[in-house]
Amino acid sequence: MLRLLLRQRFHSAQICRYFSSATPNESSIKKKLEESLKVESINVQDISGGCGAMFQIYVQAEDFNGLRTLQQHKLIKNILKDDVANMHGLTIKTEPTNR
């Protein structure tokens, strides 16, 4: 009985996460990037499973025009250097606007 109850609560928490707004960390990262870059499209997702220290970031920005992928990623990491120091993992996908 206890197992069933715990499983139901865990499942409910997962469902709520899909329908809830961004976590505070997601919002903070998104805000920093939007304030520092000319963002056309952005998506920040906490993929940690609960600890809030692993993120997947997608950014399409005018600032990336003419830069190689590595340079684009370094720009993101420099903007988020204080946050990155506390992360377990980070996946970055970037695109320029002139593709």
List the atom pairs, donor and acceptor, that lie under 3.5 Å between side-chain atoms in residues 30-43 and the rest of the protein, sequence neighbours left out.
from, atom 1, to, atom 2, distance (Å)
Lys32, NZ, Asp83, OD1, 3.3
Lys32, NZ, Asp83, OD2, 2.6
Ser36, OG, Lys32, O, 2.9

Distance-only donor-acceptor hits, side chain of residues 67-79, under 3.5 Å, sequence neighbours excluded:
from, atom 1, to, atom 2, distance (Å)
Gln71, OE1, Arg68, N, 2.7
Gln72, OE1, Thr94, OG1, 2.5
Gln72, NE2, Leu67, O, 2.9
His73, NE2, Thr94, OG1, 3.3

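Side chain to side chain, Tyr58 and Gln45 fail the donor-acceptor criterion of an N or O pair below 3.5 Å. Judged by distance alone, the side chains of Thr23 and Asn25 never bring a donor and an acceptor atom under 3.5 Å apart.
Using modelled atom types, no side-chain atom of Asn98 and backbone atom of Asn65 make a donor-acceptor pair closer than 3.5 Å.
Within the 4.5 Å cutoff, side-chain heavy atoms of Phe55 are placed close to those of Ile29. Taking the side chain as every heavy atom from C-beta outward, Glu95 and Phe64 never approach each other to under 4.5 Å. Proximity of Ile57 to Val59: side-chain heavy atoms (C-beta onward) are separated by under 4.5 Å at one or more points.
To the nearest 0.5 Å, atoms CG (Leu80) and CG (Asn86) are separated by 11.5 Å.
Contact detail for Pro96 and Gln60: the closest heavy-atom pair is O-NE2, 3.3 Å. Heavy-atom minimum distance, Ser48 versus Gly52: OG-N, 2.7 Å.
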